[in-house]
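I have placed the structure first, in the form of structure tokens, so that the comments after it can refer back to it.
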2 protein chains.
Amino acid sequence: MTGHATIAESLREEGYRLTPQRMMILAIIYDSEGHLSAEEIHQRVRQQYPFVDISTVYRTLNLLKKLRFITETDLGDECVRYELVDKGRHHHLICRQCGASFALEHELLAPLAPRLLEKYGFAADLDHFAIFGLCQQCRPEGPALAAKKGQQHGDA
Amino acid sequence: MTGHATIAESLREEGYRLTPQRMMILAIIYDSEGHLSAEEIHQRVRQQYPFVDISTVYRTLNLLKKLRFITETDLGDECVRYELVDKGRHHHLICRQCGASFALEHELLAPLAPRLLEKYGFAADLDHFAIFGLCQQCRPEGPALAAKKGQQHGDA
DNA sequence: GAGGTAATTGCAACTTCTTGCACAAATGAC
DNA sequence: GTCATTTGTGCAAGAAGTTGCAATTACCTC
Ligand SMILES: [Mn+2]
Ligand SMILES: [Mn+2]
Ligand SMILES: [Zn+2]
Ligand SMILES: [Zn+2]
């Protein structure tokens, strides 16, 4: 059984209906390599089935998010992006200055979960974080501490 | 010098102009106890100065966010909320089931920063996180259930 | 204080995402 | 397959947040 069929089965077991729209959206998320926007998903769906509305895409994504099959993350882009939880837990470090993005392995965040559980009785999801900050290049005390103080307003 | 005057001074030193709109927004953020929405700020500004546009509020909030005087956080509410960084660093645990919110002291997240710096050369902001998950009441193995069973096990 | 200049504002249009509602269709029972 | 139930969809309107632009104004120099 392929990945998206497994999720589809879970959906049905939970009492949700398996519509062509949902199946297409699931297949698209499965076939792609992570971080799709709703608009990208909508465009791919419409290639097969041109009358699907963007609101259906959003409703499906919100359903899959609620059931924790996908994550919804603001990666500092202009829109929120969606990714399968199932393809390996990981996070992202994103430079607020240059926009560079680095994968953060889950192992560094993982110890947090038992601590939150012990101290607060809280079972944290820790599915897919975007942590903002300054990358090595952009840090004031960075490696190439050469160029400095050239900052202006209104940069992109 | 009061708090918002200190930030105002910093703004001017960075070359930004001190408009009445900016001063009012700063004062409102300073006078309130955290987690204001843009709409709330807008309403309070208009009580003093009725022609201020909501876009000016957003532009000011984005400026203060860029300069790291305030944080912008999605607390699971219907809109994003803003809070002063300066009033003590902290985070929030939010139950995705019942919506309950618990303060998380910064000390639990703080050890992450040096690890990210060491391993990735990344200086993470770690200013104000909202961590979603299940609270003690909503967990499948919550305290009530454990009490019924007469069990108590520290999970780690 | 007046004048020049560039940042900032208000407005309107726009983007992203959500929601109410009538109709369509997935599902289960027969 | 048909029927009944009840969920899901498309559409249009709405809410939250952004942006282009012309007019205003903060701030610097005199
Ligand atoms: Mn990812
Ligand atoms: Mn807070
Ligand atoms: Zn960078
Ligand atoms: Zn809860």
Side-chain angles (χ1 to χ4, degrees), chain A residues 5 7-26 28 35-43 45-46 48-67 69-82 151-156, chain B residues 5 7-26 28 35-43 45-46 48-67 70-82 130:
Chain A
I7 290 189
E9 192 52 39
S10 306
L11 282 181
R12 175 150 36 178
E13 281 166 13
E14 303 265 344
Y16 296 99
R17 294 181 183 176
L18 299 184
T19 64
Q21 291 90 334
R22 284 178 177 166
M23 296 303 279
M24 279 190 290
I25 291 168
L26 271 176
I28 286 165
H35 298 177
L36 289 170
S37 70
E39 188 51 45
E40 284 166 356
I41 293 168
H42 187 215
Q43 281 175 11
V45 168
R46 288 179 93 138
Q48 304 173 247
Y49 198 138
F51 298 105
V52 176
D53 193 75
I54 187 80
S55 67
T56 298
V57 175
Y58 278 112
R59 281 190 274 231
T60 300
L61 292 172
N62 284 338
L63 175 63
L64 296 173
K65 179 176 63 163
K66 190 177 81 176
L67 300 174
F69 293 126
I70 63 174
T71 57
E72 177 191 73
T73 314
D74 177 0
L75 296 164
D77 216 338
E78 72 275 353
C79 62
V80 161
R81 291 180 181 275
Y82 299 87
Q151 295 180 338
Q152 318 265 38
H153 309 151
D155 51 20
Chain B
I7 290 188
E9 193 50 39
S10 305
L11 282 181
R12 182 166 10 197
E13 280 166 14
E14 302 265 343
Y16 297 100
R17 295 184 181 173
L18 299 186
T19 64
Q21 292 91 335
R22 284 179 177 166
M23 296 303 279
M24 280 189 290
I25 292 168
L26 270 177
I28 287 165
H35 296 177
L36 289 170
S37 70
E39 188 51 43
E40 283 166 355
I41 294 168
H42 187 214
Q43 281 174 13
V45 169
R46 289 180 93 140
Q48 304 173 246
Y49 198 138
F51 297 106
V52 175
D53 195 74
I54 187 79
S55 67
T56 298
V57 174
Y58 278 114
R59 281 190 274 229
T60 300
L61 291 171
N62 285 337
L63 174 63
L64 295 174
K65 178 176 64 162
K66 191 176 83 176
L67 300 175
I70 64 174
T71 57
E72 178 192 73
T73 314
D74 177 0
L75 296 165
D77 216 338
E78 71 276 352
C79 61
V80 161
R81 291 180 181 275
Y82 300 87

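A note on names: the letters A, B, ... follow the listed sequences, proteins ahead of strands, and every chain is numbered from 1.
Straight-line distance from the CG atom of B:Asp74 to the P atom of C:dT18: 11 Å, rounded to whole Å. One atom, CD1 of A:Ile54, and another, P of C:dC14, lie 19 Å apart when rounded to the nearest Å. One interatomic measurement links the two molecules: CD of A:Gln21 to P of C:dA24, which rounds to 14 Å at whole-angstrom precision. Put simply, CE on B:Met24 is 13 Å from C1' on C:dT8, counting in whole angstrom units. Atom CZ of A:Arg81 and atom P of C:dT16 are 11 Å apart (whole Å). Distance, B:Tyr58 OH to C:dC11 P: 17 Å, rounded to whole Å.
Ranking C:dG10, C:dT9, C:dT18 by closeness to the B:Asp53 side chain, first place goes to C:dG10. Here the side chain of A:Asn62 is nearest to one of C:dT8, C:dA25, C:dT18, namely C:dT18. In this structure, the nucleotide among C:dA26, C:dT18, C:dT5 sitting nearest to the side chain of A:Arg17 is C:dA26.
Distance check: B:Thr56 OG1 to B:Phe51 CZ gives 13.5 Å after rounding to the nearest 0.5 Å. From A:Arg12, atom CZ reaches atom CD of A:Glu9 across 5.5 Å, with rounding to the nearest 0.5 Å. Between the CZ atom of B:Arg81 and the CD1 atom of B:Ile70 there is a distance of 13.5 Å, given to the nearest 0.5 Å. Note that CD of B:Glu72 and CG of A:Asp74 are 8.0 Å apart. Values are rounded to the nearest 0.5 Å. To the nearest 0.5 angstrom, A:Leu11 atom CG is 6.0 Å from A:Leu64 atom CG. Going from atom CE of B:Met23 over to atom CD1 of B:Ile7 covers 10.5 Å, rounded to the nearest 0.5 Å.
Dashed line: the shortest gap from a side-chain N or O of B:Ser55 to OP1 or OP2 of C:dG10 is not under 4.0 Å.
Between the side chain of B:His35 and the backbone N or O of B:Thr73 there is no donor-acceptor pair closer than 3.5 Å. Within the 3.5 Å criterion, the main-chain N or O of A:Arg17 finds a donor-acceptor partner in the side chain of A:Arg22.
Chain A approaches DNA chain D over the interval D:dT6 to D:dC11, counting the first and last nucleotide 5' to 3' with an atom under 4.0 Å from its heavy atoms.
For the side-chain contact (heavy atoms from CB on, under 4.5 Å) with A:Ile41, the lone residue among A:Val52, A:Ile54, A:Leu61 that qualifies is A:Leu61.
In the helix from C:dG1-D:dC30 to C:dC30-D:dG1, the rotation axis of the first five pairs and that of the last five pairs differ in direction by 40°, rounded to 10 degrees.
Comparing A:Phe51 and B:Glu39 along DNA chain D, the residue whose closest nucleotide (by nearest heavy atom) sits nearer the 5' end is A:Phe51. Taking for each of B:Leu18 and A:Arg59 the nucleotide of DNA chain D with the nearest heavy atom, the 5'-most of the two is the partner of A:Arg59.
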